[in-house]
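Okay, structure first, notes after.
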Amino acid sequence: MKTTSKQPAHLVLAMLILVYISWGSVYLGNKLSLEIAGPFLVCGVRNILAGLLMVGCALCLKGKWRRPTLRELGVLSGLAMLLVTASGGFLVLGQTQVSSMVAAVIMSSTPIFMLVGAFLFAGEPAPNLPQCIGMIAGACGVVFLSWSEQSAGTGTILGVVILLGAVMGWVSGSLLLKKVSVSRDMPMLESTGLILLIGGIESLIVALVLGEGSSIHLENLKAANVTAFAWMVVGGSFLAYGSYLWLLAHVSVSLAVSYEYVVPVIGILLGWLLGGETITSSTIIACLVTISSVVLVVRHRHSFRVYIRHYFIRKSPQHQ
């Protein structure tokens, strides 16, 4: 997307920093939240609160509520199941098996799977040579990291598989959104807020089915846990999505998607500084290999994820 108007450099920088820090800190936030409750419970409560916050802002800005149709609710529910319950829930579940550092590296490979999914199921052009090299390198990075964590006893291959399930949830939801779009009459904040809200409710249902309601540890509740969870709601969901959508509307896509290279690094540093995790040579190597592979993929054709988030702001003629 081209820049629609020149924005002050300090405002663009502020939005970028918000996206970098918000999404980079989610992994540490999940780790601290897991000390209190189970993965799907954490995912559910977080997204319900974030969804209510976003829908409330939409109501304040518009001054009225547009009731979604049954078709729109059905589409939003399907999207929420994949983009929130599967992707978000499996992310937190995977972090019960691996460190926040490993989770950050694995999730940074999302654009690679977006490229494959778009080619296989969305009629996108076949990957070119640099992208194929990036895909192979990214796969090697994931395999190397899985083997290293299993050998060192600091993580499990099962945890990596679950995290890849989170990636697949996001990719599948993105492909579904391209095929069955939400009404363009629905404001972006409202549709995004409803996806978060419905996905949060679905995650709570999964948590109850799995019996997570009986395994809440309020005795572990500390200021750090509460602060981390509150930041995930406000920063990781509300501010991150809002800032990223603003960037897509006002700066080049290549600049907006730069978070793909920064977020895993922030996730690793926060896990080391605040999470008490150890940075190993295998983690650094896997991070460098994965980020390099993402650069090759995104540089030649923007991530399919960009298309999905671009969709939500394509409401007016200047964004067509």
Side-chain angles (χ1 to χ4, degrees), residues 23-48 50 81-110 142-143 145-170 199-200 202-222 224-233 236-237 263-264 266-268 270-280 282-283 286-287:
W23 277 336
S25 60
V26 163
Y27 307 102
L28 177 60
N30 284 337
K31 176 181 178 179
L32 294 175
S33 299
L34 282 170
E35 297 177 1
I36 308 300
F40 284 96
L41 195 57
V42 169
C43 176
V45 175
R46 169 197 170 188
N47 284 290
I48 286 176
M81 177 62 72
L82 294 170
L83 296 172
V84 178
T85 307
S87 183
F90 282 146
L91 169 59
V92 190
L93 180 62
Q95 288 194 238
T96 63
Q97 303 287 324
V98 301
S99 67
S100 59
M101 294 182 181
V102 174
V105 175
I106 297 298
M107 295 303 294
S108 69
S109 66
T110 300
V142 171
V143 171
L145 185 60
S146 304
W147 175 80
S148 300
E149 291 293 308
Q150 182 80 17
S151 300
T154 54
T156 66
I157 293 179
L158 176 61
V160 174
V161 172
I162 294 173
L163 289 173
L164 290 176
V167 173
M168 295 306 174
W170 187 270
E202 293 170 345
S203 298
L204 281 186
I205 294 174
V206 174
L208 292 176
V209 171
L210 296 177
E212 291 184 8
S214 60
S215 59
I216 299 176
H217 301 285
L218 294 180
E219 67 276 8
N220 294 333
L221 194 63
K222 301 175 184 177
N225 306 99
V226 176
T227 302
F229 185 78
W231 171 249
M232 284 201 302
V233 173
S237 293
V263 164
I266 292 179
I268 289 174
L270 289 178
W272 172 58
L273 290 172
L274 302 178
E277 298 177 355
T278 303
I279 299 180
T280 64
S282 60
T283 303
C287 183

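Just so we're clear, the structure is a prediction, and the values are computed from it rather than from any experiment.
Proximity of a side-chain donor or acceptor of Thr283 to a complementary backbone N or O of Ile279 within less than 3.5 Å is not detected. Of the possible donor and acceptor atoms, one in the side chain of Asn225 sits under 3.5 Å from a partner among the backbone N and O of Lys222. Under a 3.5 Å cut-off, the side chain of Glu212 and the backbone N or O of Leu41 do form a donor-acceptor pair. In terms of modelled atom types and a separation under 3.5 Å, the side chain of Gln97 and the main chain of Thr156 share no donor-acceptor contact. For Ser109 (side chain) and Ile106 (main-chain N/O), a donor-acceptor pair under 3.5 Å exists by modelled atom type. At least one donor-acceptor pair closer than 3.5 Å links the side chain of Asn220 to the backbone N or O of Glu35.
Contact detail for Val84 and Cys43: the closest heavy-atom pair is O-SG, 3.7 Å. For Ser282 against Leu145, the heavy-atom pair with the smallest separation is O-CD1, 4.2 Å.
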**Message:** Evaluate Gln95 against Asn30 for side chain to side chain donor-acceptor pair (under 3.5 Å), listing each step before the verdict.
**Reply:** CA-CA 8 Å; Gln95 288 194 238; Asn30 284 337; 3.1 Å; yes

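Contact check for Trp170 versus Leu83: side-chain heavy atoms found under the 4.5 Å cut-off. With a 4.5 Å cut-off on side-chain heavy atoms, Val45 and Phe229 count as touching. Within the 4.5 Å cutoff, the side chain of Phe40 has no heavy atoms near those of the Ile205 side chain.
If you take CE on Met107 and OH on Tyr27, they are separated by 5.5 Å, rounding to the nearest 0.5 Å. Annotation: the span from Leu270 atom CG to Leu28 atom CG amounts to 6.0 Å, rounded to 0.5 Å. The distance from atom CD1 of Ile157 to atom CH2 of Trp147, rounded to the nearest 0.5 Å, is 11.0 Å.
Scored by the side-chain contact (heavy atoms from CB on, under 4.5 Å) test, Met81 finds Thr85, Glu202 as partners (sequence neighbours excluded). Listed by chain and residue number, Glu277 satisfy the side-chain hydrogen bond (donor to acceptor under 3.5 Å, both in side chains) test with Ser100 (two or more places apart in sequence, or in another chain). The side-chain hydrogen bond (donor to acceptor under 3.5 Å, both in side chains) check on Ser237 picks up Arg46, with sequence neighbours excluded.
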